[in-house]
Colleague: 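Could you have a look at this structure, given as C-alpha cells, before my questions?
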Amino acid sequence: MTAMVIEERAEQAWVGMHTTADLAHWDRVNAHVPRIYAALAGADQPPLGGPIYRYRRMQTAADPMDVTVSVPVAQRVELDGFASGVLPAGRYLVARPEGGPDALTHIHGEMWRWAEAQGLELAVEERPDGIHWAVRTEQFLTDPETQPDRSCWVVEVAYLLR
C-alpha cells in the first residue's frame, strides 16, 4: 500500500486547458501539455513543476470525462487561448506512488478506502451525470525527458477534503 498523508495546502495558480475526453483518446489531452509550456515560455512565465490533470467529472473510466490539464505557476496569469485559475487552499489527502500512469488505477481505490477507514470525507458529489470532484488531481513529478522508464515515474495524487 502507498503511504497516504494529509496536507494543508495554499492555493496554487495554474494555466491550462479544459477538455472532455475518454481514455481511448487521452493523447488529445496530453497534446495540450507542450502547448501550455510553450505559451508560458513565450510569455516569460516559468512553470513551477510538472503537468497537473484535474478531474472534474467522470462516470466510469470508459466514459468521456471532464478534465483540466494545466501547469502550475507562481501567480495567476492570463494567456490568450488558455484557461487560468487556482487550485483552492485546504486540507488534501495525498499519495505519491511510483509507476506513472500504470499505478493510478489502483491508487485511487486505495485512497478512497483509506479515507473512509480514517473517517475522512472527500469533497465529491455523486450526480446522475457522474462523480463531480471539488478537486482531484494527478501531478507528474518525474520529468519523462530525464527518466524515460515509466515504472520509475512518481505521480502525486491529491483529493480535497471537506
Colleague: Would a single hydrophobic cluster contain both Leu48 and Val69, if residues Ile, Leu, Val, Met, Phe, Trp and Tyr are joined by side-chain heavy-atom contacts under 4.5 Å?
Modeller: no
Colleague: Apply salt bridge (Lys or Arg N to Asp or Glu O under 4.0 Å) to Glu8 and list each qualifying residue two or more places apart in sequence or on a separate chain.
Modeller: none
Colleague: Might you point out which heavy atoms bring Glu78 and Ser84 nearest each other, and give the distance in Å?
Modeller: OE2-OG, 2.9 Å
Colleague: Hey, is the main chain of Pro88 close enough, under 3.5 Å, to the side chain of Gln12 for a donor-acceptor pair?
Modeller: no
Colleague: Quick one: pull up CG in Leu161 and CD in Glu121 and give me the separation to the nearest 0.5 Å.
Modeller: 9.0 Å
Colleague: Name the one of Thr68, Asp66, Thr20 that satisfies side-chain hydrogen bond (donor to acceptor under 3.5 Å, both in side chains) with Arg56?
Modeller: Thr68
Colleague: Do Ile52 and Val33 belong together in a cluster built from hydrophobic side chains that touch within less than 4.5 Å?
Modeller: no
Colleague: I need the Met58 CE to Asp129 CG distance, nearest 0.5 Å.
Modeller: 13.0 Å
Colleague: Enter the distance from Leu122:CG to Ile131:CD1 here, rounded to the nearest 0.5 Å.
Modeller: 10.0 Å
Colleague: What distance separates Trp153 CH2 from Leu104 CG, expressed to the nearest 0.5 Å?
Modeller: 11.0 Å
Colleague: Is a side-chain N or O of Arg162 found less than 3.5 angstrom from the main chain of Val124, in a donor-acceptor match?
Modeller: yes
Colleague: Is the closest side-chain heavy-atom distance between Met65 and Trp26 below 4.5 Å?
Modeller: yes
Colleague: We want to know whether Thr19 and Arg28 form a side-chain donor-acceptor pair, criterion being a heavy-atom distance below 3.5 angstrom.
Modeller: no
Colleague: Donor-acceptor pair, Arg54 side chain versus Ala134 backbone, under 3.5 Å?
Modeller: yes
Colleague: Between Glu98 and Arg96 (salt bridge meaning N to carboxylate O under 4.0 Å), is one present in this structure?
Modeller: no
Colleague: Rounded to the nearest 0.5 Å, what's the gap from CG on Leu40 to CZ on Arg35? Could you check?
Modeller: 12.0 Å
Colleague: Which other residues belong to the hydrophobic cluster containing Leu141, where Ile, Leu, Val, Met, Phe, Trp and Tyr are joined when side-chain heavy atoms lie under 4.5 Å apart, directly or via other members?
Modeller: Val154
Colleague: Trp14 side chain to Pro51 main-chain N or O, any donor-acceptor pair under 3.5 Å?
Modeller: no
Colleague: Taking all atoms of both residues into account, what is the closest heavy-atom pair of Pro72 and Gly50, and its distance?
Modeller: CD-O, 3.3 Å
Colleague: On a heavy-atom basis, which atom in Gly130 and which in Gln59 lie closest, and how many Å separate them?
Modeller: CA-CG, 3.5 Å
Colleague: List the steps and the verdict of salt bridge (Lys or Arg N to Asp or Glu O under 4.0 Å) for Glu11 and Arg9.
Modeller: CA-CA 6 Å; Glu11 69 179 24; Arg9 294 185 168 193; over 6 Å; no
Colleague: Compare every heavy atom of Cys152 with every heavy atom of Thr142, then report the nearest pair and how far apart it is.
Modeller: OG1-O, 4.0 Å
Colleague: Tyr92 and Val135: which non-hydrogen atoms are nearest, and at how many Å?
Modeller: CE2-CG1, 3.7 Å
Colleague: Tell me who clusters with Val86, hydrophobic residues only, linked when side chains sit under 4.5 Å apart either directly or through other members.
Modeller: none
Colleague: Using the side-chain contact (heavy atoms from CB on, under 4.5 Å) rule, pick out the option among Ile36, Leu79, Val15 that qualifies with Val73.
Modeller: Val15
Colleague: How about His32 and Phe82: are their ring centres within less than 6.0 Å of each other?
Modeller: no
Colleague: Regarding Glu138 and Tyr55, is there a side-chain donor-to-acceptor distance under 3.5 Å anywhere?
Modeller: yes
Colleague: Indicate the atoms forming the closest heavy-atom contact of Leu160 with Gly90, along with that distance.
Modeller: CD1-CA, 4.1 Å
Colleague: Taking atom types as modelled, find out whether His132 and Arg57 have a side-chain donor-acceptor pair closer than 3.5 angstrom.
Modeller: no
Colleague: So for atom CD, which belongs to Gln147, do other residues, nucleotides or ligands contribute more than 12 heavy atoms lying within a distance under 6.0 Å?
Modeller: yes
Colleague: How many angstroms lie between CZ in Arg127 and CD in Glu125, if you round to the nearest 0.5 Å?
Modeller: 4.0 Å
Colleague: Please tell me if the side chains of Val67 and Val29 come closer than 4.5 Å, counting only heavy atoms from C-beta onward.
Modeller: yes
